[in-house]
Colleague: 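Handing you this structure, nothing more for now.
Order of the sequence lines fixes the chain letters, A, B, ..., with proteins taken first and strands second; residue numbering starts at 1 for each chain.
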Protein chains: 2
Amino acid sequence: MSRPRAQRRKKEPGDSPTMADLAKLAGVSAITVSRALRDSPLVNPETRAQIKALAERQGYMFNISARNLRLRRSMTVAVVVEMTPTIERQMSGPYPLDLLGGISQELTSSGYAVLLTSLQGGALPSVQAADGVILLGQGAHEDAMHQVRRWGRPMVVWGAVSRHESQVVVGSDNQRGGALAAERFMALGRRQPVFLGDAAHGEFAERLEGYGRALAGHGLSPLTPPVHGLTVSAGAAAVHALLDNQPQFDALFAASDLLAIGAIRALIERGRRVPEDVSVIGYDDTPLGATYLPPLSSVHQNFTDAGVLLARKILALIEGRPAQSEILPTNLVVRVT
Amino acid sequence: MSRPRAQRRKKEPGDSPTMADLAKLAGVSAITVSRALRDSPLVNPETRAQIKALAERQGYMFNISARNLRLRRSMTVAVVVEMTPTIERQMSGPYPLDLLGGISQELTSSGYAVLLTSLQGGALPSVQAADGVILLGQGAHEDAMHQVRRWGRPMVVWGAVSRHESQVVVGSDNQRGGALAAERFMALGRRQPVFLGDAAHGEFAERLEGYGRALAGHGLSPLTPPVHGLTVSAGAAAVHALLDNQPQFDALFAASDLLAIGAIRALIERGRRVPEDVSVIGYDDTPLGATYLPPLSSVHQNFTDAGVLLARKILALIEGRPAQSEILPTNLVVRVT
DNA sequence: CTGAAAGCGCTAACAA
DNA sequence: TTGTTAGCGCTTTCAG
């Protein structure tokens, strides 16, 4: 009947064969090939082995698009990252990469592909198509969150848990991190602690909260000089200003290693000894801090684990299982400062 | 005639509409919707505007899988990264993320999706499906290269250009970077230079080559003590050993900032002053080096640009255009050391 | 400028 | 255990 119309591109000999091709070669039907390649128990083990061998021999390549179209899903999770490294708020250090590593590892082994995007330019269609979305980056993702929610896509966010009640958020235990710093200072007998970091930043606010609460238990409350930015120089500038105004302090907890290093630099420039005169603790336990002279004590978090957790949460949501926000433990790595 | 068989899943009202749905609503055919949404000049501007408005209003979501199936391409580029952070060869620092940023930016704006993978576990199908592959990571990708080549997929590699003649490689000008370090030492009047780095590493070998050649122009040749690893402590250990055996040197060029920092630490521990007794230059210009005390001079390379270039090359190959290996400029950032 | 027909490669349902 | 049928949503012919 219907005469076959012109094909757009004749199947070239070099092309990878389709399941139908394999089926013909194996003398079975396409669906059997499909089942065999997916290790379905519905197919005879021998048949399966033969088909798999044949596929291998023929250089068969599975067509993901066809499956996704058929299944009405993309088997893809989009990871939205703030990648434009604004000078003042760079997503730098090993942190994002470790996070990505954990995510990718977990998702890949569950058969999902990881789509990396910054949600700028023409990224939208592929993010829309994703079965789920993971939001990384230091906040500023309010807009992205609304966008994704409007699409009705499952979503998991990395960041400050307390700030997004309605979202599934994975974050490290910033409050506990702050408390650890405070406890350390108390153990060292320090009595005039500083917190260095802009609390407008959600995670920083949590760190300050834990720090302040723990100090309050000892009848103390921290100085919180204004800090503008996240860089080494921002930290140095803030401490210089602080030394001008309120030079009486003997301990300093910075919301990031970068700020901590800036602080140390300023302190040394002004003739304060670290750690004799001022104890300093940073956050993130970056190689930068660890290799600094003096080596910086810092609150550590395991980003690879965090990535794995983010991945598990999004998988749960995609599969219709429930998922709650979760807080990862933090611990203090004591070095010299 | 053919009675419609049971649909697997009835089109739910909540589902995003298809082009066919839009077509019905707009009183046109599906193909017209397709053309309108793609800004085809074949469609009447008014019609197009109406259709686009309708799509927006209806919350239409483009089905990428369907298009890809039809087009027989995936509009995807796989980026294979070495993400398992082995202690000794971590892909750390901002470097890979900047590279990824450049890649993602360029590819996304060309309508391609960026698939992040480490080529372990179940990643193969989606990498196979990609229209092109970008290989990052510090070498050790020989196997991955062969794999991808066997699939006949276009491929671009980041790394040492001189090492892979048959591949399209983008790398920074490691030889020039080494030469810059040598020239700086000569300008400072140094006469006994060291190179710190394991030349088994392709990029390191190039750096040593440029360094050695430039020194040879002044009748000098560098000491090349054995180095085992890429970490701070590897650098420190190597320099300690060097000080035991051949303590006569006044300049040290390290193949990475990490090694350089280890070197500085060892030098200071052994009572050498930096930079008075020994000048040190690192490589990569990481924040780690920039904020060290003393701040580390280092060879800088622009990784975002490199990422963009990698993306352009792979796009060229995918579209059948030619592409050559290319070397990016490097420059020396002089700080205190 | 618009449309009708066909099919990309795969897999859920149903039937044998 | 295997096969038949149909169709996922899109876009390229080719014909108006």
Colleague: Judged by atom type as modelled, is there a donor-acceptor pair below 3.5 Å linking the side chain of B/S109 to the main-chain atoms of B/Q105?
Modeller: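 Present.
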Colleague: Starting at the 5' end of DNA chain C, which residue's closest nucleotide do you reach first, B/T32 or A/R35?
Modeller: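 Its nucleotide being nearer the 5' end, the pick is B/T32.
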Colleague: Which nucleotide wins on minimum distance to the side chain of B/T18, given the candidates C/dT2, D/dG9, D/dT11?
Modeller: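 Of all the options, the side chain of B/T18 is nearest to D/dG9.
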Colleague: Check whether B/R153 reaches the backbone of B/A130 with its side chain - one donor and one acceptor, N or O, closer than 3.5 Å.
Modeller: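 Judged by distance alone, yes, a pair lies under 3.5 Å.
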Colleague: In whole angstrom, give the distance that lies between atom CZ of A/R67 and atom P of D/dC8.
Modeller: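 The distance from CZ of A/R67 to P of D/dC8 comes to 19 Å, rounded to the nearest Å.
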Colleague: Check the distance between D/dT11's P and A/L69's CG and give it to me in whole angstrom.
Modeller: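 That distance rounds to 12 Å.
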Colleague: Atom CZ of A/R73 to atom P of D/dG9: distance rounded to whole Å?
Modeller: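 For the pair A/R73 CZ and D/dG9 P, the rounded distance is 15 Å.
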Colleague: Using the side-chain heavy atoms of B/N44, tell me which of these nucleotides is nearest: C/dC1, D/dT1, D/dG9.
Modeller: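 Closest of the options to the side chain of B/N44: C/dC1.
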Colleague: Can you measure B/M19 atom CE to C/dT2 atom P for me and round it to whole angstrom units?
Modeller: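 Going from CE in B/M19 over to P in C/dT2 covers 16 Å.
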Colleague: Nearest-Å distance, CG (A/N68) to P (C/dA12)?
Modeller: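 Interatomic distance, CG of A/N68 to P of C/dA12: 12 Å.
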Colleague: Would you kindly check whether a donor in the side chain of A/R72 faces an acceptor in the base of D/dG7, or vice versa, at under 3.5 angstrom?
Modeller: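 Side chain to base: no pair below 3.5 Å.
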Colleague: Does A/S29 make a side-chain N or O approach to OP1 or OP2 of D/dT2 shorter than 4.0 Å?
Modeller: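 Indeed not, no polar side-chain atom of A/S29 lies that close.
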Colleague: Mind checking if B/T47 touches a base, just sugar-phosphate, or nothing, with heavy atoms under 4.0 Å?
Modeller: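 Here B/T47 touches the backbone only, sparing every base.
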Colleague: Do the side-chain N or O atoms of B/S34 get closer than 4.0 angstrom to the phosphate oxygens (OP1, OP2) of D/dT11?
Modeller: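 B/S34 to D/dT11 OP1/OP2: side-chain N or O found under 4.0 Å.
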Colleague: Quickly work out the A/N63 CG to C/dG7 P distance and round it to whole Å.
Modeller: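 Going from A/N63 (CG) to C/dG7 (P), I get 17 Å.
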Colleague: Nearest 0.5 Å please: distance from the CG atom of A/N68 over to the OG1 atom of A/T76.
Modeller: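 The OG1 atom of A/T76 is 6.5 Å from CG of A/N68, to the nearest 0.5 Å.
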Colleague: For B/M61 and for A/P45, find the nucleotide of DNA chain D with the closest heavy atom, then tell me which residue's nucleotide is more 5'.
Modeller: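 The 5'-side residue here is A/P45.
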Colleague: Check whether any side-chain nitrogen or oxygen of B/Y60 sits under 4.0 Å from OP1 or OP2 of D/dC10, and answer yes or no.
Modeller: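 It does, given that an N or O in the side chain of B/Y60 lies less than 4.0 Å from OP1 or OP2 of D/dC10.
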Colleague: When the distance from CG of B/L71 to C1' of D/dT11 is rounded to whole Å, what number comes out?
Modeller: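 Those two atoms, CG and C1', are 7 Å apart.
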Colleague: Look at the side chain of A/A66 and decide which nucleotide, out of C/dT2, D/dC10, C/dC10, has an atom nearest to it.
Modeller: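 Nearest to the side-chain atoms of A/A66, counting from C-beta on, is C/dC10.
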Colleague: May I ask you to decide if B/V77's main-chain N or O and B/D131's side chain share a donor-acceptor pair within less than 3.5 Å?
Modeller: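 Here the side-chain-to-backbone pair does not exist.
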Colleague: Nearest to the side chain of B/R38, which nucleotide is it out of D/dT12, C/dG9, D/dT2?
Modeller: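 So the nucleotide nearest the side chain must be D/dT12.
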Colleague: So, taking the atom named CG in B/L22 and the one named NZ in B/K52, what distance separates them when rounded to the nearest 0.5 Å?
Modeller: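 Result: 13.0 Å between the selected atoms.
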Colleague: Which one, C/dA12, D/dT11, C/dC10, comes nearest to the side chain of A/I31?
Modeller: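 Output: C/dA12.
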Colleague: The side chain of B/L42 lies closest to which of these nucleotides: D/dC10, C/dT2, D/dG7?
Modeller: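 Between D/dC10, C/dT2, D/dG7, the one nearest the side chain of B/L42 would be C/dT2.
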Colleague: Once you round it to whole Å, what is the distance between P of C/dC10 and CD of B/Q128?
Modeller: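 Rounded to the whole Å, the gap is 12 Å.
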Colleague: Output the single nucleotide from D/dG7, D/dG9, D/dT11 whose closest atom is nearest the side chain of B/A30.
Modeller: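 Selected nucleotide: D/dT11.
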Colleague: Keeping the roles fixed (side chain from B/S172, backbone from B/Q301), state whether a donor-acceptor pair exists under 3.5 Å.
Modeller: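 Here the side-chain-to-backbone pair does not exist.
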